[in-house]
Structures are given as C-alpha cells and as structure tokens.
Amino acid sequence: NGSDPAVIYYGERGITDGVESITSSVQQVNIYLDNGTQALAVDSTFADGSTSIYTGTGTDTITIGATVSGLHPAQLEDVAYVAGPLNIQGSTTPSAKATVIVDGTGGDFSAASRVGVLNNNTITGLGMAGSIAISNIDTLEIDLGPYGNTFYIPSTVAGTNTSVYAGAGFNTVHLGKATTAGTAQLTGLSGSLSVYGQAKSGAVALAGNELSFDDQSDSSNRTWSVS
C-alpha cells in the first residue's frame, strides 16, 4: 500500500470465477529480522514452497492472519490463507524475546476453520492447507474464531509460554490427544500452557465450553492435581 517503501513480488496471482490461484517458481522464501524491536505481519503464504522467518536478537512480535493491506482484506484475521509451510525460528541469544500470535479471530463458519491442532511446535488445521512451526519462541498465542471451535493439544514445547483463547462460541479444548479417536496422554505437555474459554477481547459464550484432560493411553502410575 502507500505506506510501503517497496514491494517484492515472487509469484503471480490470478482470480478466475472468484477462485484464487497463486503460482511461483520460488521454492524457499527466507525473511531475516533486524536486531531491534520488530513487528511483522504475515498475511498469507504460498503453496508452491516454504516460508521461513528468522527473528533478531531484540524483541520481536510476529502476527499471522489476514490483514487490511494483504491479499484478502474482506476476510481479516483469518489464518486460512497459510497455504504452505511457515517456519518461525527464534534467536538463541539469551536477551532475545520472540512472540508469535496466530490470529484466527476472523475465521469463517466452515468446519475446517473451526478445528485445529497444536502438536509440540506445529499448528495445523484452522482452515490452513499449510502449517505453522515454531522454534526457540518465548511466547505463543493462539486466538480462535467466534463460531465454536474444537482444538486439540497433544503436546507443547518446553520453554515456550503458550496461551490459547478458545473464542466466543461454544468451544471444546482437548489436552493430551490429537484427534477424537487417537491415543491420549498428558506427558507431552511441557512448559506453561494457559487455556481461556473466551475470546481475547473478553467475549464469552454464556455456557457450553469444555476442557478435556485425557491420559487414557498412559499405562504408568502418575498423580495429577486439578485445582
């Protein structure tokens, strides 16, 4: 847009009968951030290759979700346009701080957009054909849409503070399993995990939110505390 000092194109976009297509001969896109305080918005990624973002040694915030100045301004704050692998690599410098925000608050009512998985360091689903993978990230925030979501968290990353805002609808969050019928155990949950039965804005359904702790596939003797 007018505030951009320059625009770099590495693909071709076409729309035929309302259907978007993006083609590119580029297989890998690498973005390296500076060492100051940086903010980067990721509107979408392409399916023909992978996109990698490397944070600097300062304080960086990377927000993923459709933007006003991006390719899909009619469907803002939707991660469904992540069409290929998106990898976000944080700095190993001790003073560096990196935050990744997955902004799906504008997600549509489709079934695909309302189901997602956080498995260790990788986020799938939420209408994405691609995926989001993080490494050496201090804070991960996942903001889900307003229409009622099902989100699975079989495992999380040690050293990353993870927050999930389930959205303003009637939501179900499963801890310990990746699918309804899959194996389930809680030992994969590492680091700090906070689950909120509401949208980040504070909007909340009057009733119906569920949080499931599932450890049925773990045969070891363990003691859990819920308070």
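All residue numbers refer to positions in the sequence shown, counting from 1.
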Close side-chain approach of V42 to I88, heavy-atom, < 4.5 Å: no
Identify the two heavy atoms, one from V68 and one from P73, that lie closest to each other, and give their separation to 0.1 Å. O-CB, 3.5 Å
Do you know which two heavy atoms are closest between A166 and V173, and how far apart they sit? CB-CG2, 4.3 Å
Do L140 and V102 come within less than 4.5 Å of each other through their side chains, counting heavy atoms only? yes
Do side-chain atoms of T45 reach the backbone of A83 as a donor and acceptor pair under 3.5 angstrom? yes
Show the numbers, then the answer: is there a side chain to side chain contact (heavy atoms under 4.5 Å, CB included) between T61 and L40? CA-CA 6 Å; T61 300; L40 176 66; over 6 Å; no
With sequence neighbours left out, the residues meeting ring-ring contact (aromatic ring centres under 6.0 Å, His included) with Y152 are H174
Are V29 and I62 joined in one hydrophobic group, where the rule is that I, L, V, M, F, W and Y side chains link up if heavy atoms are under 4.5 Å apart? yes
Holding to salt bridge (charged side-chain N to carboxylate O under 4.0 Å, His left out), I want the full list of residues that pass it with D218, two or more places apart in sequence or in another chain. R222
Can you find a heavy atom in the side chain of N87 that is under 4.5 Å from one in the side chain of S135? no
Inspect the surroundings of CD in E20 and state if more than 12 heavy atoms from other residues, nucleotides or ligands are less than 6.0 Å away. yes
Tell me whether V204 shares a hydrophobic cluster with V195, the cluster being built from Ile, Leu, Val, Met, Phe, Trp, Tyr side chains joined at under 4.5 Å. no
Is V115 linked to L211 within one hydrophobic cluster, defined over Ile, Leu, Val, Met, Phe, Trp and Tyr using a side-chain heavy-atom separation of less than 4.5 Å? no
Looking only at heavy atoms, what is the nearest atom pair of S91 and A96, with distance? CB-CB, 3.8 Å
Under 3.5 Å, is there a donor on one side chain and an acceptor on the other for S110 and D108? yes
Residue pairs meeting ring pair (Phe, Tyr, Trp, His ring centres under 6.0 Å), one or both in residues 80-105, sequence neighbours left out, come to H72-Y81
Rounded distance [0.5 Å steps], CD1 in I31 versus CG in L33: 7.5 Å
For the NZ atom of K177 and the OG atom of S217, what is their distance to the nearest 0.5 Å? 8.0 Å
Side chain proximity check, L144 to N171, heavy atoms < 4.5 angstrom: no
Distance col, row I64:CD1 vs I101:CD1, nearest 0.5 angstrom, shows 9.5 Å
Any donor-acceptor N/O pair, T59 side chain to T37 backbone, under 3.5 Å: no
Do D43 and L71 have side chains that get closer than 4.5 Å, going by heavy atoms? yes
R114 side chain to T150 main-chain N or O, any donor-acceptor pair under 3.5 Å? no
How many angstroms lie between atom OG1 of T57 and atom CG of D34, to the nearest 0.5 angstrom? 8.0 Å
Relative to the ring of Y32, is the ring of Y54 parallel (under 30°), tilted (30 to 60°) or perpendicular (over 60°)? parallel
Under 3.5 Å side-chain donor-acceptor pair for T55 and Q38: no
Under the salt bridge (charged side-chain N to carboxylate O under 4.0 Å, His left out) rule, collect the residues that match up with E77, sequence neighbours excluded. none
Is atom CD of Q28 surrounded by more than 12 heavy atoms (other residues, nucleotides or ligands) closer than 6.0 Å? yes
Just by modelled atom types, is the T99 backbone N or O under 3.5 Å from a matching donor or acceptor in the D138 side chain? no
Can Y165 be reached from F151 by stepping across I, L, V, M, F, W or Y side chains whose heavy atoms are under 4.5 Å apart? no
D48 vs V26 side-chain heavy atoms within contact, under 4.5 Å: no
About how many Å separate OG1 of T67 and CG of D78, when rounded to the nearest 0.5 Å? 12.0 Å
Is the backbone N or O of G58 less than 3.5 Å from a side-chain atom of N35, with the two atoms forming a donor-acceptor pair by type? no
Mind checking salt bridge (charged side-chain N to carboxylate O under 4.0 Å, His left out) for K97 and listing every partner two or more places apart, or none if nothing turns up? none
Could you tabulate the donor-acceptor pairs under 3.5 Å formed by side-chain atoms of residues 181-190, not counting sequence neighbours?
| unit_1 | atom_1 | unit_2 | atom_2 | d |
| --- | --- | --- | --- | --- |
| Q185 | NE2 | T187 | OG1 | 2.9 |

Under 3.5 Å donor-acceptor, D143 side chain and D103 backbone: no
Would you compute the distance between atom CZ of R13 and atom OG of S44 and round it to the nearest 0.5 angstrom? 8.0 Å
Under 3.5 Å, is there a donor-acceptor pair between the side chain of N136 and the main chain of Q89? no
Check whether the side chains of S155 and N119 place a donor and an acceptor atom closer than 3.5 Å, and report yes or no. yes
For A133 versus T122, what's the shortest heavy-atom pair and its separation? CB-OG1, 3.9 Å
Would you mind reporting whether T179 and V117 have side-chain heavy atoms less than 4.5 Å apart? no
Are I137 and I53 connected in the hydrophobic side-chain network, where two residues link if heavy atoms are under 4.5 Å apart? yes
V79 side chain near I123 side chain, heavy-atom distance below 4.5 Å: no
